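Throughout, a chain's letter reflects where its sequence line sits, starting with A, and its residues are numbered from 1. Bear in mind that the values here come from a model prediction, so they are computed numbers and not experimental data.
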Amino acid sequence: MRTRNRAEILYRTLLSSYGPQGWWPLSGKYHRGLPKTRSQRYEICLGAILTQNTAWRNVDTVLASLRQQKLLSPKAISTLSEKKLAALIRSSGYHNQKARKVKLFTEFFLSLRGTPSRADLLSLWGVGEETADSILLYAYGEHVFVVDAYTRRVASRMGLLGPDPSYSETQELFSQALPASAYNEAHALLVEHCKRSCRVRPVCEGCVVGGDCGFAGI
DNA sequence: CGCCAGGTGGGAT
DNA sequence: ATCCCACATGGC
């Protein structure tokens, strides 16, 4: 299908233009490949929750601060009260809700053996589709394509999908267009692309996608 | 200073 | 199923 082909071309264009992104970012550095330790895995999960509708910069501040206070571990978090935790993660926004989410997730994480199922993740209060898929892909190396607001924006503006595409149809498009080994990199590249060019108020000048996007821009 | 950021859950339609 | 809204801080 032509749409699939264009999605694949988009990925190749972004990769050759921006280079490999080396995701998931951990506090203070970037991490390539699967997390090596349980601690890194936990940090990725925490970041996935804290970054919900929030700029990564604000999340990074929180993670670095938790790390410095030796609180960046499931056991340490589990000993904190929800109120204490909320104060510690304040600058990531929605801190009251997120404190509850993190507490619930942490209990889940401590009881985990091996890789969680998507359904188990989704059953947790505060874990929706994007967060579940981010955790599966970046913390556990499962071959799941992560859809976020950026992914939908690009796909929609390029005419790969209609306006306001659903999570599942967006996921299906990219899942079928790309090899599973590229899911990790593709998501990271789409984020980078939207930060540089495909913003809410698009900066079409200098956009690497150029002619393959019919979006009029501003 | 208003806009925007790697969403989610709950309630109404 | 699909809208609509609350949730909150920080940087540009």
**OP:** Indicate whether the side chain of A:Asp120 and that of A:Ser123 have a donor and an acceptor atom separated by less than 3.5 Å.
**Re:** no

Subject >> Modelled atom types, side-chain donor and acceptor of A:Thr37 and A:Tyr42, under 3.5 Å >> reply: no

Original post:
Base, sugar-phosphate alone, or nothing: which one does A:Lys195 contact when heavy atoms must sit under 4.0 Å apart?
Top reply: base

Subject >> Any donor-acceptor N/O pair, A:Ser17 side chain to A:Val208 backbone, under 3.5 Å >> reply: no

Original post:
On a whole-Å scale, what distance lies between the P atoms belonging to C:dA8 and B:dG10?
Top reply: 14 Å

**OP:** Report the distance from atom CG of A:Leu104 to atom P of B:dG9, rounded to the nearest whole Å.
**Re:** 11 Å

Original post:
How about A:Glu82 and A:Asn96: does a side-chain donor come under 3.5 Å of a side-chain acceptor?
Top reply: no

Original post:
Any side-chain N or O of A:Arg57 less than 4.0 Å from the OP1 or OP2 oxygen of C:dC12?
Top reply: yes

**OP:** Please check if the side chain of A:Thr54 supplies one atom and the backbone of A:Gln52 the other of a donor-acceptor pair under 3.5 Å.
**Re:** yes

Subject >> For atom CZ of A:Arg100 and atom P of C:dA8, their distance in whole Å >> reply: 12 Å

Original post:
Considering only side-chain heavy atoms of A:Asp148, which listed nucleotide, C:dC3, B:dG7, C:dA8, is closest?
Top reply: B:dG7

**OP:** Assign each of A:His187 and A:Leu122 to its nearest nucleotide of DNA chain B by heavy atoms, then name whichever residue's nucleotide is nearer the 5' end.
**Re:** A:His187

Original post:
What does A:Arg153 touch in the nucleic acid at a heavy-atom separation under 4.0 angstrom: a base, only the sugar-phosphate, or nothing?
Top reply: sugar-phosphate

Original post:
Rounded to the Å, how far apart are A:Glu82 CD and C:dC7 C1'?
Top reply: 14 Å

Original post:
Base, sugar-phosphate alone, or nothing: which one does A:Val127 contact when heavy atoms must sit under 4.0 Å apart?
Top reply: sugar-phosphate

Subject >> Distance test, side-chain N/O of A:Asn96 to OP1/OP2 of C:dA8, below 4.0 Å >> reply: yes

Original post:
Are any of A:Arg201's side-chain N or O atoms less than 4.0 Å away from OP1 or OP2 of C:dC12?
Top reply: no

Original post:
Which residue lies toward the 5' end of DNA chain C, A:Ser166 or A:Tyr94, if each is placed at its nearest nucleotide?
Top reply: A:Ser166

Original post:
A:Tyr18 and A:His193: side-chain donor and acceptor closer than 3.5 Å?
Top reply: yes

Original post:
Could you give the CG-to-P distance, from A:Asn58 to B:dA5, as a whole number of Å?
Top reply: 13 Å

Original post:
For B:dA5, does OP1 or OP2 lie under 4.0 Å from any side-chain N or O of A:Thr51?
Top reply: no

Original post:
Tell me: CH2 of A:Trp56 to C1' of B:dG7, nearest whole Å?
Top reply: 15 Å

**OP:** Rounded off to whole Å, could you give me the CZ-to-C1' distance for the A:Arg90 and C:dG10 pair?
**Re:** 10 Å

**OP:** Look at all strands and tell whether A:Leu124 reaches a base, only sugar-phosphate, or nothing, counting heavy atoms closer than 4.0 Å.
**Re:** sugar-phosphate

**OP:** Give one of base, sugar-phosphate or nothing for A:Thr61, where a contact means two heavy atoms less than 4.0 Å apart.
**Re:** nothing

**OP:** Please determine, for the side chain of A:Trp125, which listed nucleotide (C:dC3, B:dG10, B:dT8) has the closest atom?
**Re:** B:dG10

Subject >> Distance in angstrom units between A:Arg199 CZ and C:dG11 C1', rounded >> reply: 12 Å

Original post:
What nucleic acid atoms does A:Gln97 come within less than 4.0 Å of, heavy atoms only: base, sugar-phosphate, or nothing?
Top reply: base

Original post:
When rounded to the nearest Å, what value does the distance between P atoms of B:dC1 and C:dC7 take?
Top reply: 23 Å

Original post:
Once you round it to whole Å, what is the distance between P of C:dT2 and OH of A:Tyr167?
Top reply: 16 Å

Original post:
Quantified in whole Å, what is the C1' atom distance between nucleotide B:dA5 and nucleotide C:dC3?
Top reply: 22 Å

Subject >> Minimum-distance nucleotide (side-chain atoms of A:Val200 versus B:dG7, B:dC4, C:dT9) >> reply: B:dC4

